[in-house]
Amino acid sequence: MMEKNYDPKPVESARLASWEAAALGRCQAREGRKPYVIVIPPPNVTGALHIGHALNNSMQDVFIRHHRMKGSDVCWVPGCDHGGIATQNVMEKQLKTEKVDRHVLGREAFLARMQTWTRECKTTILGQLRRLGCMLDWEREAFTMDEERGHAVFFAFKTLWERGLIYRGERLVNWCVRCGTALSDIEVEREERKGNLYHIHYRLESGGEGLVVATTRPETMFGDTAVAVNPKDERWRHMVGKKVVIPFIGRAVAVIEDGYVEFEFGTGALKVTPAHDQNDWEIGQRHGLAAIKAIGPDGKLTEAAGPYRGLSREKAREQIVADLEASSLLRKKEDHKSAVQTCYRCGSVIEPLLSLQWFVKQSDLAKPALRALDDGRFKIYPDNWEKPYRDWLLSIKDWCVSRQIWWGHRIPVWYKDGEQPVVSQESPGSGWRQDADVLDTWFSSALWPLAVFGWPEKTKDFACFYPTATLVTGYEILYLWVARMQMMGLAFDGRAPFSSAVIHGTVRDKSGKKMSKSLGNVIDPLLMMEKYGTDALRFSLLTQAHPGKDIAFDEQSVVGARNFVNKLWNSTRFVLMNLPSEPPTGGYRLEALSHSRLELSDRWILSRYQAVLAGAAGSLDAHDPAAAAEILYGFLWDEFCDWYIELAKTRLLGSEAQGKEETRTILVQILVGTLKALHPLMPFITEEIYGALKAYVGESAPFVLTGGYHPPGREWFNPEAEAEMARVMSAVTAIRSLRSQLNVPLGLKVSAFVAGPDSRMIIEKHGAYLAALAKLAELKASLGARPPHSATAVSEGVTFFIPLEGVIDFDKERQRLVKDLSKAESDVAKIEMKVKNADFIAKAPQTQIDEAHAQHAVARERVARLKETVALLSGGEGSIRPRV
RNA sequence: GCCCAGUUGGCGCAGUGGUAGCGCGUUCCCUUGACAUGGGAAAGGUCAUAGGUUCAAAUCCUAUACUGGGCACCA
């Protein structure tokens, strides 16, 4: 027996066990089959999954299950990313609590600990994906740093090297002082910060006034190798070619001219520090200036800083400013907002630093990616991301791929004195030492779709599963990851690694703020699953996952989804209660229904059902789970439960045997069809219910997925039935509304009399529906007169009189109707404007004109009947005969 | 600075030319054998502003304002 309220826990664990026992997610390469393939965006092994992962993976699971339901082979590859800097930072924090430093531990021991941590973390993450219901092919689990992927990374590096696309050089790179490594340009974030603009006086070497430079970073002055002014700037012309002296260290630098300098900014004189500023670096290149490092990789000032050597950047600035002030070299200090670059992993301020790094040339790799986008081999949904994606590729710069950390793929280059460097996975022999750096974690991520199927080996899997279909991810890694996968895939294989990228939004807190541990607004998906069930969490996220849009996540929405899950459960309970304990042989079949026998509600719900199934599947084809969820939610709750089931109740209690069978057939068929359509969104409860219902629809598939979507049986589309049912609903609502206004509870059955042009038809064809839904004891034709003491409800083509002795206040009833009348009249006026507009009649399409005329007639007829009724009431009880 | 998106009832969001919808919340009524994680009824919006196109605009166009994002930045 089903419980009154759905309890997700036992159902989830049982269903999970049965899916795994059947290895439902397993997909093997089969000759001649082209499966639908997704590779998971591998979560970093930095801890547990967050709510964004829950959204990301729910969406993928929806697409996977949807395609499986449609009959394709599907393959979804699980795995994790080693996560480079991010993961190393997690470990370093851990070590800090133990008061250990990785340098004390040593590289070997540190990596051993990382391996242990990774194993634990992978177990956690994969376990969470299981609990989410993700139908991954568990036997394909991959890791960006396992042996196979290591092989792919080496092969890719070697190939790029051989093609001349990898080089090593001393460049100005983004250096994170805290992480102790270089970063690529897209790993740097910018934020506006308040700071100061310092005006500093540089004396002339030969003695004399000199000039004043403006800078936000006085601590870099010891790296200055020139002062630049704009060639058109009259103010400083006399200084050009002279030499000025850097304070405190007395080194002299030349005053040069460069068009880059803006003369409105600051003093119009720019101190040039090629080793610590990108623009200064470029000026330095133009003028052949030396680059002097004033700040080291540790963030401390170097020997070049003379007396300030060893101070941190921050300390040094303070000290220098104080000293400048004391020696009255600080001419001005003004407030200044500037864009500060920060590390995307730890948030500390980036130091542009001149250092020896490895780079991948990008422009040749970007071209095929642009072509793939232009000719449609690769599409982004929603397509408004295509422009930023294209722009990024067009203005791409070389990619710094070396990282000065330990956790990652070691750069496979070996050095020996007096020899050319050698690219090799193993040591080329004694005396060779390997490059100490590791590759950017995104280097291996970029190879992910290739590498998970065994590339560069020519495996059967690769032949069958590559390229993949859909990549589901967030817009924040569009360049970092998506673009690079496209570039690498196209470079090594010639095909786009996935034909479409579906971009979802970020899950934020309910006020729209980004979730973060420090703000304390993080939602734990596991907790949500505990409280409301996995289906509820998934459905909640999916209903909000409109293409590309961020989600303001409110726990209330999970409550709502939980209630919907419960509604599904209870509608099943109702249907099951009205079915025999033994299903008929072959089950209840829609094909067996005689079309001519079906009554209005049947024809209506079947028509709606067919439209809903098509709409839901179409939405999923269009990568829009939110639209599918909305369609199915509305149908199940507002149409199937609130109207069809309510009508079915009287028929199931009635004595007409064939009618009962028809009702049972439609109930169970539509319920099964709808829950199958819901299955990609909420796999657990739908699987559970399917188990209980499948015999009643004559099916024996062990799982929803293996059975596939439910065919609607035949063509049920019926606009006439939908229109007629809409009239029934509006009549029912009119009576219910009347009862509510007069405080006549639905529990109390009342009689009603019907008048109006359509009254005869209404009684004959809809009488039973009205009686059932508006709780009427009887429904009779009004025999010419309005019954005394009755309230009036005016619906389309029909007027209902409900005698309510003692309840009706004569004047109030009249007021109520007058209010209805004025509203009805304003409706008429609106439509009349349109109908009487000559331009409209002349230019609008005929269908529109016909429709407007019909609406006009209906509205006018309603007004007429309301007027009549009001007149009746004004003339006293029942004294005037209504027109029938 | 350039580009993109958003601006719809208290909150969160649908809605790509024909008299504005959903969820949550609010008010009133109802514990009637699927479900109070429920049912019924109702209140609440001149669809950011100003123009334009059109017989007809939330929807198309143009400007403006605000919000968010991407890219590029003047030290």
Side-chain angles (χ1 to χ4, degrees), chain A residues 2 4-6 190 197-198 213-217 220 228 260-273 277-280 283 336 338-339 382 384-389 391-392 395 475-476 478-479 506 510-512 532 536 540 543-544 546 548-554 556-557 559-578 626-627 630 633-634 638 641-642 645-646 649 732-733 736-741 743-749 773-775 826-827 830-831 833-834 837-845 847-849 851-852 855 859:
Chain A
M2 290 172 81
K4 208 165 84 165
N5 287 331
Y6 174 62
R190 284 187 179 79
L197 188 63
Y198 302 94
V213 300
T215 181
T216 55
R217 304 199 55 201
T220 63
Y260 168 78
V261 182
E262 311 255 339
F263 33 103
E264 303 84 38
F265 190 90
T267 61
L270 167 70
K271 63 188 251 344
V272 182
T273 323
D277 183 279
Q278 189 60 45
N279 293 310
D280 291 10
I283 295 173
H336 180 73
S338 63
N384 53 300
W385 280 106
E386 286 188 358
K387 188 173 152 46
Y389 174 85
D391 289 349
W392 186 77
S395 62
Y475 50 78
E476 57 274 4
L478 188 61
Y479 315 131
T506 307
K510 67 173 173 181
S511 58
Y532 308 105
S540 156
T543 46
Q544 302 176 81
H546 297 106
K549 289 199 72 167
D550 285 355
I551 294 173
F553 186 86
D554 187 343
Q556 274 306 310
S557 86
V559 175
R562 188 272 314 262
N563 294 353
F564 178 59
V565 170
N566 192 241
K567 191 74 178 175
L568 182 59
W569 180 255
N570 273 288
S571 20
T572 304
R573 222 156 69 91
F574 171 81
V575 170
L576 233 30
M577 283 168 79
N578 288 286
E630 195 190 333
Y633 181 101
D638 301 334
C641 289
D642 286 354
I645 285 188
E646 287 313 311
K649 283 177 182 170
V732 168
T733 304
R736 282 176 179 169
S737 175
L738 177 71
R739 297 176 58 129
S740 179
Q741 286 176 60
N743 278 320
V744 183
L746 282 172
L748 188 71
K749 293 212 169 183
L773 297 169
K775 307 289 176 195
S826 88
D827 282 349
K830 263 189 220 161
I831 302 166
M833 289 244 296
K834 202 168 172 180
N837 183 337
D839 287 331
F840 175 71
I841 300 297
K843 295 185 180 170
T847 51
Q848 284 298 325
I849 297 171
E851 194 176 312
Q855 283 172 355

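Quick note on labels: first sequence line is chain A, next is B, and so on, each numbered from 1. Predicted model only: the values in this text are computed from it and were never measured.
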Heavy-atom side-chain contact between [X] and [Y] under 4.5 Å:
{"X": "A/Y260", "Y": "A/L270", "result": "yes"}
{"X": "A/E630", "Y": "A/T543", "result": "no"}
{"X": "A/N563", "Y": "A/V559", "result": "yes"}
{"X": "A/I841", "Y": "A/I849", "result": "yes"}

Proximal nucleotide (of B/U37, B/G39, B/A41) relative to the A/R736 side chain: B/A41
Closest listed nucleotide, where the reference is the side chain of A/T733 and the choices are B/C35, B/C73, B/A42: B/A42
I need the [atom1]-[atom2] distance between [X] and [N], as an integer number of Å.
{"X": "A/I645", "N": "B/U32", "atom1": "CD1", "atom2": "P", "result": "19 Å"}
{"X": "A/E386", "N": "B/G70", "atom1": "CD", "atom2": "P", "result": "19 Å"}
{"X": "A/R190", "N": "B/G70", "atom1": "CZ", "atom2": "C1'", "result": "11 Å"}
{"X": "A/F574", "N": "B/G38", "atom1": "CZ", "atom2": "P", "result": "18 Å"}

A/S737 side chain to A/Q741 side chain, donor-acceptor N/O pair below 3.5 angstrom: yes
OP1 or OP2 of B/C35 under 4.0 Å from side-chain N/O of A/R573: yes
Side-chain donor or acceptor of A/D550 paired with backbone N/O of A/T506 under 3.5 Å: yes
Could you check whether [X] gets within reach of a base, just the sugar-phosphate, or nothing at all, counting any heavy atom under 4.0 Å?
{"X": "A/L738", "answer": "nothing"}
{"X": "A/Y479", "answer": "sugar-phosphate"}
{"X": "A/S571", "answer": "base"}

Parallel, tilted or perpendicular: ring planes of A/Y6 versus A/W569, cut at 30 and 60 degrees: tilted
Ring geometry between A/W392 and A/Y479 (parallel below 30°, tilted from 30 to 60°, perpendicular above 60°): parallel
Atom pairs, N/O to N/O, protein against nucleotides 57-63 of chain B, distance under 3.5 Å?
none

Partner set under side-chain contact (heavy atoms from CB on, under 4.5 Å) for A/N5, not counting sequence neighbours: A/N566
Nucleotides 11-31 of chain B: protein proximity per nucleotide (B base, S sugar-phosphate only, - neither; heavy atom, under 4.0 Å): -SSS---BB---S--------
Residues that A/Q278 engages under side chain to side chain donor-acceptor pair (under 3.5 Å), provided they are two or more places apart: A/E282
Side-chain-base donor-acceptor pair under 3.5 Å for A/K387 and B/C3: no
Pairing stems for RNA chain B [at least three consecutive pairs; Watson-Crick or G-U; under 3.5 angstrom]: B:1-7 with B:65-71, B:10-13 with B:21-24, B:26-30 with B:38-42, B:48-52 with B:60-64
With sequence neighbours excluded, residues passing salt bridge (charged side-chain N to carboxylate O under 4.0 Å, His left out) with A/K749: none
